[in-house]
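Remarks on the structure that follows.
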There are 2 protein chains.
Amino acid sequence: MTIDNLGIGGKRYKEAKHALLAALAAQEWKGGEAIPSERRLAERFGISIGTVRKAIDELVAENILVRHQGLGTFVAHHQRDRHFFRFFRVVGVGGDKRYPTVELLSFEQAKASASVARLLGIEANATVYQFSNSLALEGEVVMIDRIIVAEPRFRGLTEDALRERPSTLYNFYQDVFHVYVTGIEERLRATIADHTLAALLDVSAGAPLLEIQRVAYSYQQVPVEVRISSVNTAKHEYLGASTLTTPSYDRGVP
Amino acid sequence: MTIDNLGIGGKRYKEAKHALLAALAAQEWKGGEAIPSERRLAERFGISIGTVRKAIDELVAENILVRHQGLGTFVAHHQRDRHFFRFFRVVGVGGDKRYPTVELLSFEQAKASASVARLLGIEANATVYQFSNSLALEGEVVMIDRIIVAEPRFRGLTEDALRERPSTLYNFYQDVFHVYVTGIEERLRATIADHTLAALLDVSAGAPLLEIQRVAYSYQQVPVEVRISSVNTAKHEYLGASTLTTPSYDRGVP
DNA sequence: AAGTGGTCTAGACCACTAC
DNA sequence: TAGTGGTCTAGACCACTTA
C-alpha cells in the first residue's frame with residue numbers, strides 16, 4: 001500500500017494523515033494500542049520517515065495519537081481521567097479543579113427532534129437514547145446534564161450499564177461502543193431556572209443558570225452526542241478554553 | 001550570534017524559538033514587519049534551516065508569526081479585523097458572526113483593586129485606566145464591557161484617543177502602545193442584571209446575563225488587560241473555543 | 001529572474017524503554 | 001542489546017510573489 005494518488009492537494013503527509021485517520025475509523029488499531037513504528041509506516045506508505053513524522057505530528061497535536069519515546073506511537077484514549085478536564089470545564093471560583101460525583105437521573109428511548117437530528121446528522125424522528133445526569137462538586141449539585149445519542153451508534157445501551165460504568169462517560173463510550181470523542185463545540189447562554197432545575201440544583205426558581213449546548217465529535221468530525229448542561233454558577237465558573245497557546249512545557253512546567 | 005548555550009533542555013529549536021520571542025518582545029521587528037528569511041536565521045543562529053523551521057512552526061501555531069509563501073515570515077498583528085473573532089466570541093443564535101458597533105460610555109483614571117492588581121501583575125492601588133464600552137449587533141446593544149489596563153503600559157491613554165481609534169481595540173493597543181495581545185483566558189458565570197446594566201442593555205432588572213471575566217496576555221504571558229463583559233444572551237450566544245482541533249483546511253475549506 | 005516559504009528525502013546521532 | 005521516537009542536518013525540488 002503506497003500513497004501515489006497525489007491528485008488533489010498532492011501533499012504526501014496529508015495523504016498519510018488521512019490514511020491513518022481512515023485506519024483509525026476502521027478500527028485497524030483500537031484505543032490504547034500501538035500503531036506501527038515510523039519506519040514501518042514509511043515503508044508501508046512508500047514515503048520517508050520525516051514525512052511520516054509530519055503526518056503523525058498533526059494527529060498528535062489533535063490529541064488523536066500519543067507518542068512515547070522508546071515505546072511507540074499509540075491511539076489516544078480516555079484513560080484514568082487524564083484528559084477529563086479537556087471536556088469538563090466547570091471549576092470553583094478559586095479555580096480549583098475537582099472531579100464531579102455523577103448520578104443518573106433518568107434514561108429513556110425517544111425520537112430525535114428536528115434540531116437534535118440536525119446536530120447529530122441523523123433523520124428527524126430517528127431513535128435516540130436520552131438520559132440525564134446530576135453532577136456534584138464537594139457534595140453540592142452544581143450541574144444537570146441532559147444527553148442525547150443516536151441509537152444505531154450506541155445500540156444496546158441500558159440504564160444499568162450507564163449506572164454501573166466504572167469510569168467517565170467518554171471512557172465508557174470508548175470501551176463499550178468504540179466511540180472515541182476527539183473534540184467538542186459549545187455554545188453558552190444565561191437562562192433562568194425553571195421549577196424542575198431549581199429543585200435539582202437547590203436554587204430558587206428564577207435563579208440565573210449557565211446553559212451549555214454541546215456537540216461532541218469523533219474522528220473526522222462525526223457528531224456522536226448532543227448535551228445540554230445547566231450550571232449553577234453561584235460558586236463555580238466555566239473556564240473558557242483559553243486562547244493562550246504557548247504550551248506549558250515552554251514555561252518550565254513538566 | 002550563534003546558539004550554543006545548550007545548557008538546559010539542549011534543544012536548538014527551543015533556543016531559537018526563545019531567541020525569536022525575546023527579539024519580538026524587544027521590538028527588533030514590529031507588528032506586520034517581516035523577520036529575516038529562514039536561510040538568514042539559520043546562519044545567524046548557526047543551525048540548519050530545518051531546525052529554524054521547527055522553531056517558526058511553533059510560533060506560527062501560536063499565532064505569533066505568520067508565513068506567506070514567496071513573501072516571507074511576518075510578525076502577526078491585528079489588522080483589518082482578520083483575527084477579530086478569535087477574541088470576540090458572541091454570535092447570533094443562528095451562528096452568524098457580525099462585527100459589533102462600539103460606543104465608549106465612560107473613561108477614568110483609578111486605583112487598582114486588590115483582585116485586579118493580582119490579575120494584572122501590578123501593585124494594589126497602582127494607577128490604572130478604566131473605561132467602559134457598549135457593543136451593539138444589528139442595532140441592538142447586547143454587551144457591556146468594563147475594561148482595566150495598567151497606566152505605565154498605556155501611558156497617555158485618553159478618552160479622545162479611544163473614541164477616535166480607527167479600528168478594533170486590540171489593533172489600537174498594538175499600533176499606539178505596541179502591545180500585541182496574543183491570547184486570552186476567560187471565566188463565565190450567569191448573573192442577574194442590576195439597574196444600570198438593565199438600562200444599558202434594554203432588559204428588565206433581574207434578567208439573566210452572561211458575565212465574562214477576561215484577562216488578555218501579550219508575549220511571554222504578560223497580562224495586559226482585565227475585562228468584565230455582561231452579555232444579553234436572549235438572541236446571542238457565546239461560542240466556546242472548540243476543542244475541535246482538526247484544522248479547517250483538512251476538511252476542504254480554504 | 002531572484003528570493004521566499006513549502007515539501008520531501010535519506011540519512012545521522014541521541015534519549016528512552018524493554019528484555 | 002534491539003527497537004522506538006526525538007532532534008538535527010544538508011541538501012533537492014516545487015510553488016509562489018515581486019520586480
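Please read all numbers here as calculations on a predicted model, not as lab measurements. Order of the sequence lines sets the chain letters (A, B, ...), proteins ahead of strands, with each chain counted from 1.
Here the C1' atom of nucleotide D:dG6 and the NZ atom of B:K14 are 12 Å apart, to the nearest Å. The distance from atom CZ of A:R12 to atom C1' of D:dA12 is 13 Å, rounded to the nearest whole Å. Here C:dC8 presents its C1' atom at 16 Å from CZ of A:F45, a figure rounded to the nearest Å. Rounded to whole angstrom, the span from the NZ atom of A:K11 across to the P atom of C:dC8 amounts to 8 Å. With rounding to whole Å, A:I47 atom CD1 is found 11 Å from C:dT9 atom C1'. Distance, B:I49 CD1 to D:dT9 P: 11 Å, rounded to whole Å. In this structure, the CD atom of B:E15 is 13 Å from the P atom of D:dT7, given to the nearest Å. To the nearest angstrom, C1' of D:dA10 lies 17 Å from CG of B:L41.
For B:E151, the side chain to side chain donor-acceptor pair (under 3.5 Å) test picks out B:R155, with sequence neighbours left out. Contacts of B:D175 classified as side chain to side chain donor-acceptor pair (under 3.5 Å), with partners at least two apart in sequence or in another chain: none. A:R187 pairs by the salt bridge (charged side-chain N to carboxylate O under 4.0 Å, His left out) definition with B:E237, not counting sequence neighbours. Legend: residues meeting salt bridge (charged side-chain N to carboxylate O under 4.0 Å, His left out) with A:R163, ordered by chain and number and at least two apart, are A:E159.
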Donor-acceptor pairs under 3.5 Å, side chain of residues 30-38 of chain A to any protein atom, not counting sequence neighbours: which ones?
residue: A:E33; atom: OE1; partner: A:K30; partner atom: N; Å: 3.2
residue: A:S37; atom: OG; partner: A:R40; partner atom: N; Å: 3.2
residue: A:E38; atom: OE1; partner: A:R53; partner atom: NH1; Å: 3.2
residue: A:E38; atom: OE2; partner: A:R53; partner atom: NH1; Å: 2.7
residue: A:E38; atom: OE2; partner: A:R67; partner atom: NH1; Å: 3.4

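The pair A:E185-A:R214 does not meet the salt-bridge criterion, since no charged nitrogen lies less than 4.0 angstrom from a carboxylate oxygen. Salt bridge status for B:E186 with B:R227: absent, with no side-chain N to carboxylate O gap under 4.0 Å.
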Can you give me the N/O atom pairs linking the protein to nucleotides 1-5 of chain C at distances under 3.5 Å, or say none if there are none?
residue: C:dG3; atom: N2; partner: B:G70; partner atom: O; Å: 3.0
residue: C:dT4; atom: O2; partner: B:G70; partner atom: N; Å: 3.2
residue: C:dG5; atom: OP1; partner: B:T73; partner atom: N; Å: 3.4
residue: C:dG5; atom: OP1; partner: B:T73; partner atom: OG1; Å: 3.3
residue: C:dG5; atom: OP2; partner: B:E38; partner atom: N; Å: 3.0
residue: C:dG5; atom: N2; partner: B:Q69; partner atom: NE2; Å: 2.9

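Taking 4.0 angstrom as the limit, A:K54 places a side-chain polar atom (N or O) nearer than this to OP1 or OP2 of C:dT7. Put simply, B:T51 has a side-chain N or O that comes within less than 4.0 Å of OP1 or OP2 on D:dT9. Between B:Y13 and the phosphate of D:dC8, there is no side-chain N or O to OP1/OP2 separation shorter than 4.0 Å.
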